[in-house]
Amino acid sequence: MDCLFCKIVAGEIPSKKAYEDDQILAFHDIAPIAPVHILIVPKKHINRANELTEADAALVGHIFAVAANLAREYGVADGFRILTNNGESAGQTVSHLHFHLIGGRKLGEMA
Ligand code: 5GP
Ligand code: ZN
């Protein structure tokens with residue numbers, strides 16, 4: 001499949017890894033909008049959040065637990081944001097589910 005993040009998961013495109021296990025990969029965003037800007041992606045291809053089902057509950061819970069650990073590791077546990085853009089009109093540019101972990105500066109209000 002011609003998917004940028006599947007290629008990053010497969011190691012075909014290099015990334016600066018922050019965390020990896022059998023289910024997920026976390027890597028630093030190539031164009032960070034804050035001192036800490038990590039993308040957390042499931043290794044299995046899911047297009048976007050509106051394709052998630054109850055069968056993905058453990059996966060999504062795991063992603064949030066890893067995000068909390070990364071926030072601690074990168075020193076932003078007291079102030080960070082986790083967000084996912086669903087669809088082009090919401091700003092999604094890569095069609096492989098990903099959660100942005102953003103922190104390390106004062107974050108403004110949403111939208
Ligand atoms: P979206 O706009 O879809 O929510 O987020 C996509 C993110 O992927 C953007 O923040 C963008 O900077 C990041 N990105 C795009 N291409 C690459 C890449 O090749 N490597 C890395 N590490 N990040 C990328
Ligand atoms: Zn993919």
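This one's a predicted model, so the numbers in the text were calculated from it and none came from an experiment. Ligands are counted one by one from 1 in listed order, and the atoms in each one are counted from 1 as well.
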Restricting to non-hydrogen atoms, name the atom on Ala34 and the atom on Gly103 that form the minimum distance, rounded to 0.1 Å.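 In terms of heavy atoms, the two residues are closest at CB-O, 3.4 Å.
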Closest heavy-atom pair and its distance - Asp29, Pro32: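 Shortest heavy-atom contact: O-CD, 3.4 Å.
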Protein contact to [atom] [nearest heavy atom, distance to 0.1 Å]:
atom	value
atom 2 (O) of ligand 1	Gly91 O, 2.8 Å
atom 22 (N) of ligand 1	His28 O, 2.9 Å
atom 1 (P) of ligand 1	His98 NE2, 3.1 Å
atom 3 (O) of ligand 1	Thr93 N, 2.7 Å
atom 17 (C) of ligand 1	Ile30 CG2, 3.7 Å
atom 9 (C) of ligand 1	Asp29 OD2, 3.3 Å

Please confirm whether Ile8 approaches ligand 1 to less than 4.0 Å, judged on its heavy atoms.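 Flag set, Ile8 near ligand 1.
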Kindly confirm or rule out an N or O of Leu4 lying under 3.5 angstrom from an N or O of ligand 1.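 No; every N/O pair is 3.5 Å or more apart.
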I'd like to know if the side chain of [X] reaches the main chain of [Y], judged simply by a donor and an acceptor atom lying under 3.5 Å from each other, with no hydrogens or angles considered.
X	Y	result
Thr84	His98	yes
Gln92	Asn47	yes
Asp21	Ile24	yes
Arg105	Ile33	yes
His96	Pro42	yes

Sequence neighbours excluded, which residues qualify as side-chain contact (heavy atoms from CB on, under 4.5 Å) partners of Glu73? Leu70
Met110 versus Arg81: any side-chain heavy-atom pair under 4.5 Å? yes
Where ligand 1 meets [X] - atom numbers and elements under 4.0 angstrom, heavy-atom basis:
X	value
Phe27	21 (C), 22 (N)
Ala31	12 (O)
Gln92	3 (O)

For ligand 1, does [X] get within less than 4.0 Å through its side chain, its backbone, both, or neither, judged by non-hydrogen atoms?
X	answer
Phe5	side chain
Thr84	neither
His100	side chain

Under the salt bridge (Lys or Arg N to Asp or Glu O under 4.0 Å) rule, what do Glu20 and Lys17 come out as? Steps first, then yes or no, please. CA-CA 7 Å; Glu20 182 171 20; Lys17 285 180 193 176; 3.1 Å; yes
Geometric class of the His100/His37 ring pair [parallel <30°, tilted 30-60°, perpendicular >60°]: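 Ring orientation of His37 relative to His100: tilted.
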For residues Phe99 and Phe64, establish whether the separation of their ring centroids is below 6.0 Å.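 Yes.
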Tell me whether Glu88 at atom CD has more than 12 heavy atoms from other residues, nucleotides or ligands lying less than 6.0 Å away.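 Counting neighbours around CD of Glu88, 12 or fewer heavy atoms of other residues, nucleotides or ligands fall under 6.0 Å, so no.
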Taking the Zn ion (ligand 2) as the centre, count the protein N/O/S atoms lying under 2.8 Å from it. 4
